[in-house]
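Input: a single structure, listed below in structure tokens.
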Amino acid sequence: MNAQTAILTKDITPLATSAEGGDYDKVRRVIEKISLDYRDQPSLETLAEAVGETPTGLQKLFTRWAGLSPKAFLQAVTLDHARRLLAEGMPLLEASLEVGMSGPGRLHDLFVTHEAMSPGEHKSRGEGLVIRYGWHISPFGRALVMVTDRGLAGLSFNDPGEDRAAFADMSGRWPNATYVEDMAATAPYAARIFDPARWRRDEPLRVVLIGTDFQVRVWEALLKIPLGCARTYSSIAEEIGKPSASRAVGAAVGANPVSFVVPCHRALGKSGALTGYHWGLTRKRAILGWEAGKAA
DNA sequence: CCAGCATCTCTAG
DNA sequence: CTAGAGATGCTGG
């Protein structure tokens, strides 16, 4: 990525959730190391040294972040575990028909109501749309949040110093929209999305899906996947009635503009492998591990 | 029309 | 076990 551009936005709120946000940088490096050297099961000591922490310090930091110890996390992102997520998910595929709502075992999930933009609105590539945006600290690094008066329209992640590229990536999806930096408008969304204590069924998060017909169907299928479960690209293809379109599903999942909320990280290859992630495979692992901590 | 994909399956070694 | 090829459906230009 072209990270040559310097800091573009003012630095924001060192208060509030900055502890969590600052944690992610170390957590990310630990996860990178774990996934690189997972074959020889790196010890807590080795991991701690790599990020300049004491073993107990890392233990506490990591557990605070994930709800899991580094060792449990390592367990949680292996192929075996991913396969289990897929297996557990299967029965629910047919059972729950409601969109993004309810069902047993979803007590800790983020509840969402969504609407799709009409194909016409999508084709105009954001023409006439006012999008307010702002950056916020999240458990997975800096998050760029984009909202319209109809709800959350975009959410992406980036590492420090890459704000400019992140904005270009997002705004390029709706090039004809009008963009207004407005942290006051986006902050409440960020605060709710990343704080499980505020995930409430009676106050669902409003999301507006801007995409083609096919993409919206795929994203709706993602919204039905419960926290702590996963689906394969091919099972999603079957679910939307296009059993041979698994590859097209992959493309549509990858085009999802509302990361995390539309849980594209819960889509895996049939082998259980984490095949790809627009915002980096490390982040996909991080989110799945973090969710494993919440699902427990 | 064509190239590019976050797929999958099958075959051959 | 891996590597490669072919079938595949949607998207943007």
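Not measured: the values here are computed from a predicted model. Chain identifiers are assigned alphabetically (A, B, ...) following the order of the sequence lines, protein sequences preceding nucleic acid strands; residue numbering begins at 1 within each chain.
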Notebook entry, point to check: Are A:Thr275 and A:Tyr233 close enough, and set up right, to give a side chain to side chain donor-acceptor pair (under 3.5 Å), and what steps lead you there?
Noted result: CA-CA 10 Å; A:Thr275 34; A:Tyr233 297 97; 3.3 Å; yes

Next item on the list: Apply side chain to side chain donor-acceptor pair (under 3.5 Å) to A:Gln75 and A:His81, showing your working.
Entry: CA-CA 7 Å; A:Gln75 180 76 275; A:His81 180 75; over 6 Å; no

Note to self: Could you go through A:His278 and A:Asp169, starting from their C-alpha distance and side-chain angles, then the distance that decides it, and tell me whether this counts as side chain to side chain donor-acceptor pair (under 3.5 Å)?
What the structure shows: CA-CA 11 Å; A:His278 187 80; A:Asp169 176 13; 2.8 Å; yes

Notebook entry, point to check: Under the ring-ring contact (aromatic ring centres under 6.0 Å, His included) criterion, do A:Trp290 and A:Phe140 qualify, and how do the steps go?
Noted result: CA-CA 10 Å; A:Trp290 184 83; A:Phe140 313 106; 5.3 Å; yes

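Straight-line distance from the CG atom of A:Leu268 to the C1' atom of B:dA6: 11 Å, rounded to whole Å. Spacing between atom CG of A:Asp213 and atom P of C:dT11 amounts to 8 Å, rounded to whole angstrom units. Per the geometry, NE2 belonging to A:His122 stands 12 Å off C1' belonging to C:dC10, to the nearest Å. The separation between A:His278 atom NE2 and B:dC5 atom P is 13 Å, rounded to whole Å. The separation between A:Asp169 atom CG and B:dA6 atom C1' is 14 Å, rounded to whole Å. With rounding to whole Å, A:Leu274 atom CG is found 15 Å from B:dA6 atom P. Between A:Leu288 atom CG and B:dA6 atom P there is a gap of 18 Å when expressed in whole angstrom units. In this entry the distance linking OH of A:Tyr233 with P of C:dC10 reads 18 Å, nearest Å.
Heavy atoms of A:Arg217 sit nowhere under 4.0 angstrom from any nucleic acid atom. Using a 4.0 Å heavy-atom distance criterion, A:Ala248 is classed as a base contact.
Shortest non-hydrogen contact noted between A:Ala177 and A:Ile131 is CB-CD1, 3.8 Å.
Screening A:Arg200, A:Arg201, A:Arg266 for a salt bridge (Lys or Arg N to Asp or Glu O under 4.0 Å) with A:Asp109, the sole residue that qualifies is A:Arg266.
Contact of A:Tyr277 with B:dA6 (side chain to base): no donor-acceptor pair of N or O atoms is detected under 3.5 Å.
In terms of phosphate contacts, A:Ser246 brings no side-chain nitrogen or oxygen within less than 4.0 Å of OP1 or OP2 of B:dC8. Under 4.0 angstrom from either OP1 or OP2 of B:dC8 there lies at least one side-chain N or O belonging to A:Ser234. Put simply, A:Lys270 has no side-chain N or O that comes within less than 4.0 Å of OP1 or OP2 on B:dT7. Of the side-chain N and O atoms in A:Arg247, none sit less than 4.0 angstrom from OP1 or OP2 of B:dG4.
Remark: the backbone N or O of A:Lys224 is not paired with any side-chain donor or acceptor of A:Arg231 at under 3.5 angstrom.
Using a cutoff of 4.0 Å between basic side-chain nitrogens and carboxylate oxygens, A:Arg84 and A:Asp80 are not scored as salt-bridged. Look at A:Arg142 and A:Asp159 and you find no salt bridge, because none of the NZ, NE, NH1 or NH2 atoms lies under 4.0 Å from a carboxylate O.
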Next item on the list: Kindly express the pairing pattern of DNA chain B in dot-bracket notation, using | wherever a base pairs with another strand and counting only Watson-Crick or G-U pairs under 3.5 Å.
Entry: |||||.|||||||

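Which of C:dT8, B:dC5, C:dG12 sits closest to the side chain of A:Ser244 comes down to C:dT8. Closest to the A:Phe214 side chain, of the nucleotides B:dA6, B:dC8, C:dT11, is C:dT11.
Residues from residues 253-262 of chain A lying near DNA chain B, meaning a heavy-atom separation below 4.0 Å, are A:Val253, A:Gly254 in numerical order.
For A:Glu115, the CD atom counts as densely surrounded, since its 6.0 Å shell holds more than 12 non-hydrogen atoms of other residues, nucleotides or ligands.
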